[in-house]
Amino acid sequence: MGYAGWWLGSKLGRKNPLVITMSIGYACNLRCRHCSIDAMLRANPGIKTALTYDEVVADLRERHAQGARIAYFEGGETTMWRDGDRDLGDLIDAAHDIGYFNVGYTTNGTTGKIFTNSDVISVSLDGPRDVHDAVRGEGVYDKLMGTLAGLEYDGSVYANMVLQKGNLDRIRETADIVRENPRLAGIVFNFITPPPYEILPTHEEKVAAIAEIRGLKAEGYPILNSKKGLELLAEEDWEGRCPKFMSAFTMPDGTRRNGCPSEGTESCRHCGFDAVREYYLISMGAPSTIMEMFPVFARSKD
Ligand SMILES: C[S@@+](CC[C@H](N)C(=O)[O-])C[C@H]1O[C@@H](n2cnc3c(N)ncnc32)[C@H](O)[C@@H]1O
Ligand code: SF4
């Protein structure tokens, strides 16, 4: 079944996931300001912190049988995941073998490991050097740029910027860094989904940031959020509209759900994830959004 079949099926009432996002393990070499994983781990001692290879493959198979065709690996730091002598590259191969059209992962780009069998790679970039390092730790920006400079990879690499208090006035500079880097195909902007709440921008700050990003997109900057997605990004409470069926989530402890792990929590009422808006627009059949998102996020690189 292709994408068109999935979409027609969804209109006929077959509410099956198109995307599976798997948080394969919480292990990480960084402690970023906006990331709540470390605090969550400290609050839940003894929680299972990684999926095994067999668990990932079983889940990929089951979701593929239900209709999923796009698989994303998340963490923790994805490139640190291991099960015996298996690593993230083996999970990507398994997803392709099962029949996923597009397989991707997100990385902080600092571990020296890049898996080039992925169709798309997302690297985190939270601002120019001073801001990125304030968010992620001293020297992290230069490590990321070094990784990009040495990259031999024929797929798309895009940057993911999490907008939060502290980087809202550095949007254009960050977009310039992306535009000038030949290894980066574009940038996606998200707002922080709290916790932590103290760096959550106000509604007015979000509206101003979105206006700036829309202006940059109109100027021709490689901004991958769709135009309509950007219009919806300041609207925070998606509880009633989130097209939960489109995206299946699996967490390192084996918890599985449709929708996202924040569903029903206070965080959900401050959702800053662009993907939620894009899923919503795609589920509504918005042709411009489908045309804008497809070339990077839905095709195989081979
Ligand atoms: C959880 S990380 C995992 C991959 C990798 N460790 C990294 O940092 O890119 C995936 C993405 O989620 C983002 N992220 C982390 N905490 C977030 C939050 N509270 N709200 C929105 N995005 C967040 C990160 O900046 C990163 O781009
Ligand atoms: S590198 Fe990724 S997983 Fe690690 S602390 Fe930062 S955002 Fe969280």
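Sequence positions, counted from 1, serve as the residue numbers for this chain. Counting starts at 1 for both ligands and their atoms, following the listed order.
Across every non-hydrogen atom of Y279 and S247, the tightest pair is CE1-CB, 3.5 Å.
In terms of protein heavy atoms, atom 12 (O) of ligand 1 is closest to N160 ND2, 4.5 Å. T193 N, 2.9 Å is the protein heavy atom nearest to atom 20 (N) of ligand 1. Closest protein heavy atom to atom 26 (C) of ligand 1: S124 OG, 3.1 Å. In terms of protein heavy atoms, atom 5 (C) of ligand 1 is closest to E77 OE1, 3.3 Å.
When the options R136, E74, Q164, H34 are ranked by their closest heavy atom to atom 18 (C) of ligand 1, first place goes to H34. In this structure, of C28, G75, G76, the residue bringing a heavy atom nearest to atom 6 (N) of ligand 1 is G76.
With respect to D176 and R172, no salt bridge is recorded, no charged nitrogen being found less than 4.0 Å from a carboxylate O. For K165 and E205, the salt-bridge test passes: some basic side-chain N is under 4.0 Å from an acidic carboxylate O. A salt bridge links R170 with D130; the closest basic N to acidic carboxylate O contact falls under 4.0 Å.
Under the 4.0 angstrom criterion, atom 8 (O) of ligand 1 counts as having a protein heavy-atom contact.
Using a 4.0 Å cut-off to heavy atoms of G76, the atoms of ligand 2 that qualify are 3 (S). For ligand 1 and P195, the ligand atoms under 4.0 Å from any heavy atom of the residue are 19 (N). Residue I192 has at least one heavy-atom neighbour below 4.0 Å for each of these atoms of ligand 1: 18 (C), 19 (N), 20 (N), 21 (C).
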**Request:** Check the pair K228 / E231 against salt bridge (charged side-chain N to carboxylate O under 4.0 Å, His left out), numbers first and verdict last.
**Result:** CA-CA 5 Å; K228 285 185 185 293; E231 281 170 26; 5.3 Å; no

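If you look at atom 6 (Fe) of ligand 2, the protein N, O or S atoms less than 2.8 Å from it are C32 SG.
Using modelled atom types, one finds a donor on one side chain and an acceptor on the other under 3.5 Å when comparing S226 with E278.
R256 meets the salt bridge (charged side-chain N to carboxylate O under 4.0 Å, His left out) test with D59, E62; sequence neighbours excluded.
Residue contacts with ligand 1 for L30 are absent, since no atom lies close enough (heavy atoms, distance under 4.0 Å).
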